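Below, chains carry the letters A, B, ... as their sequence lines are ordered, and counting in each starts from 1. Quantities reported herein were computed from a predicted structural model and do not represent experimental measurements.
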Amino acid sequence: MPELPEVEVLVRHLAPLLKNKTIRAVNVRRAKVLLPTSPHQLRRALTGAKFTGVSRRGKFLLFTLRQPQRRESLLLLGHLGMTGRIYLQPANAALPKHAAVVLNLGRQDFIYEDQRYFGRLTLATANLARLGPEPLAAEFTVERFSQALKRSVQPIKVKLLDQSLVAGVGNIYASEALFRAGISPRRSARRLKPEQVRRLWRAVRRVLAEAIACGSTIPLNHGAAVGRDRLFYFGRAANAVDYYAERLRVYDRDGEPCVRCGAAIKRITQAARSTFYCPHCQRQ
DNA sequence: CACCATGTTCCTTG
DNA sequence: CCAAGGAACATGGT
C-alpha cells in the first residue's frame, strides 16, 4: 500500500483513534517484523503504555507513547513495506492470516498485518537518520535537491527512489512526478538542466500533495469487512479503487494513450522495477 | 512453470 | 567515506 501520501492519510486516520488508548496486551505472531527488537523487548516496552501521538517521516509511521511511571516518551516505528496494513478491529474478531503483531487496546485490537512481511514495527529508530528531507516541508529546497542530483549519474527515475535524496517517493509517484515535469526517466540525474530540476522539484511536491488531498476524501472508516481489502490498494487490478487509480496519469498505463498527447504510454525496466512514461511528452 | 507486485537492507565492487 | 548494482527477503496474482 504505501508511499508517502498513503502513509500520511493513514496517520491522519489513526491519530484520533489511537490517542489516549492504552495497550493492554502485546501479541507477536511474526518476530521478524520487530527486528532488531525482540518480542520480549516489545512486550515489556508497550504493555501498559498509552498512545500520545501518531505522525510520519517519509514512509515511516511514528507512534509516540507514554509508559507508566516514566517521563520520557517512547517511539514506536512502523513501516508498511510493500503490503503492510494497520487498522483497528473489534477485539473478538478473527485475526487475518498475516497478522504480524496485535496490540490489544481493550475493546479493540490494533492490527499490524503484512502479507509479505517486508515491513517493520520496531523500537529501533536508527534508520530514520538516513532519510533525506520531507518533500512537503520547507527543508526540501530546490537548492538542496539540485545539489544532491549533481552527485549522481543514475537515471533520474532510479535516483528519485533513493530515500536519502527526498523521503517518501516510491515507484508510483516517481513515474508520476517525471510525467508532470515532462522529463525522461532515463536522463542521468546530474544532467538535468536547472529548469528541469525546478520543474521536477515542484512536480514531486504537487503529485504528493494532490494524492494526500485525494486520499483524505476517501472515507477510511468503513467497516473492516467492506473496506479492509480496498483501502489503499492502488494497482489497477479488478478490485482496485477506481477513484484512486484514475488519478495516476502514467503508472500501470502501458499501451494506453497519454492524457496529454495521445501517444502510447511505455513501460520500461530500471533497477529491476517498472517505469511508465510518455515517449512523446518526456523526451529529455 | 514463468513473471509481476506500492520497499528496504545487505553485500560487493569500484 | 561514497556511489552504484544486484541479490535477498516472502507471499500471492495472473
Side-chain angles (χ1 to χ4, degrees), chain A residues 1-11 29-37 56-61 77-86 96-100 112-122 124-132 147-177 186 188-191 204 207-208 211-212 214-215 218 228-241 244-245 247-255 267-276:
Chain A
M1 105 158 196
E3 291 184 34
L4 183 151
E6 294 71 40
V7 177
E8 177 63 27
V9 171
L10 179 61
V11 162
R29 308 176 88 246
R30 273 275 187 155
K32 178 196 182 249
V33 306
L34 311 182
L35 289 174
T37 299
R56 177 192 61 72
R57 178 79 174 90
K59 302 173 194 173
F60 287 90
L61 293 119
L77 213 62
H79 196 293
L80 298 170
M82 297 269 262
T83 51
R85 292 198 196 112
I86 293 174
K97 180 175 181 184
H98 298 294
Y112 174 87
E113 74 162 325
D114 189 350
Q115 175 188 112
R116 290 165 75 177
Y117 303 106
F118 284 0
R120 280 284 190 282
L121 191 67
T122 182
T125 58
N127 290 341
L128 282 181
R130 303 188 212 179
L131 294 179
Q147 286 306 309
L149 292 179
K150 283 192 180 119
R151 282 185 269 117
S152 174
V153 299
Q154 284 184 303
I156 184 59
K157 156 59 168 42
V158 175
K159 193 62 190 169
L160 278 175
L161 300 180
D162 178 349
Q163 301 298 293
S164 71
L165 172 71
V166 53
V169 176
N171 202 43
I172 292 176
Y173 294 108
S175 283
E176 293 296 315
R186 305 177 193 260
S188 172
R190 63 152 61 144
R191 305 188 61 159
V204 165
V207 160
L208 297 178
I212 291 170
C214 172
I218 298 175
R228 211 169 65 205
D229 292 336
R230 301 173 44 163
L231 184 56
F232 295 128
Y233 186 89
F234 49 139
R236 299 180 72 235
N239 64 341
V241 178
Y244 210 105
R247 303 183 31 69
L248 304 176
R249 309 261 223 256
V250 290
Y251 184 79
D252 208 19
R253 290 190 182 272
D254 187 14
R267 173 190 175 279
I268 58 173
T269 298
Q270 295 181 289
R273 317 211 50 196
S274 290
T275 298
F276 299 88

Pick the P atom in C/dA10 and in B/dC11, then give their distance to the nearest Å. 15 Å
(Q) What's the gap between B/dT6 and C/dA4 when it is taken at their C1' atoms, as a whole Å value? (A) 23 Å
Encoded 5' to 3' (Watson-Crick or G-U under 3.5 Å; [ ] crossing; | other strand), DNA chain C becomes .||||||||.||||
Taking A/Gln270 for its side chain and A/Thr275 for its backbone only, find out whether a donor-acceptor pair lies under 3.5 Å.
no
Is there a donor-acceptor pair under 3.5 Å between the side chain of A/Arg57 and the backbone N or O of A/Ala167?
no
Below 4.0 angstrom from OP1 or OP2 of [N], is there any side-chain N or O of [X]?
X: A/Tyr251; N: B/dT6; answer: yes
X: A/Arg267; N: B/dC3; answer: no
X: A/Ser152; N: C/dA4; answer: yes
X: A/Lys97; N: C/dT11; answer: no
X: A/Gln115; N: C/dG12; answer: no

A/Leu149 vs A/Ile156 side-chain heavy atoms within contact, under 4.5 Å:
yes
Residues at least two apart in sequence or cross-chain that pass side-chain contact (heavy atoms from CB on, under 4.5 Å) with A/Arg116, listed by chain then number, are A/Met82, A/Thr83, A/Asp114, A/Phe118
5' to 3', nucleotides 8-14 of chain B under a 4.0 Å protein heavy-atom cut-off (B base, S sugar-phosphate only, - none) gives SS-----
Which of C/dG12, C/dA3, C/dC9 is nearest the side chain of A/Lys32? It is C/dC9
side-chain contact (heavy atoms from CB on, under 4.5 Å) test vs A/Val169 passes for just one of A/Val166, A/Leu165, A/Ile172, A/Asn171, namely A/Val166
Heavy-atom closest pair (A/Arg249 atom, A/Glu176 atom, distance to 0.1 Å) is N-OE1, 2.8 Å
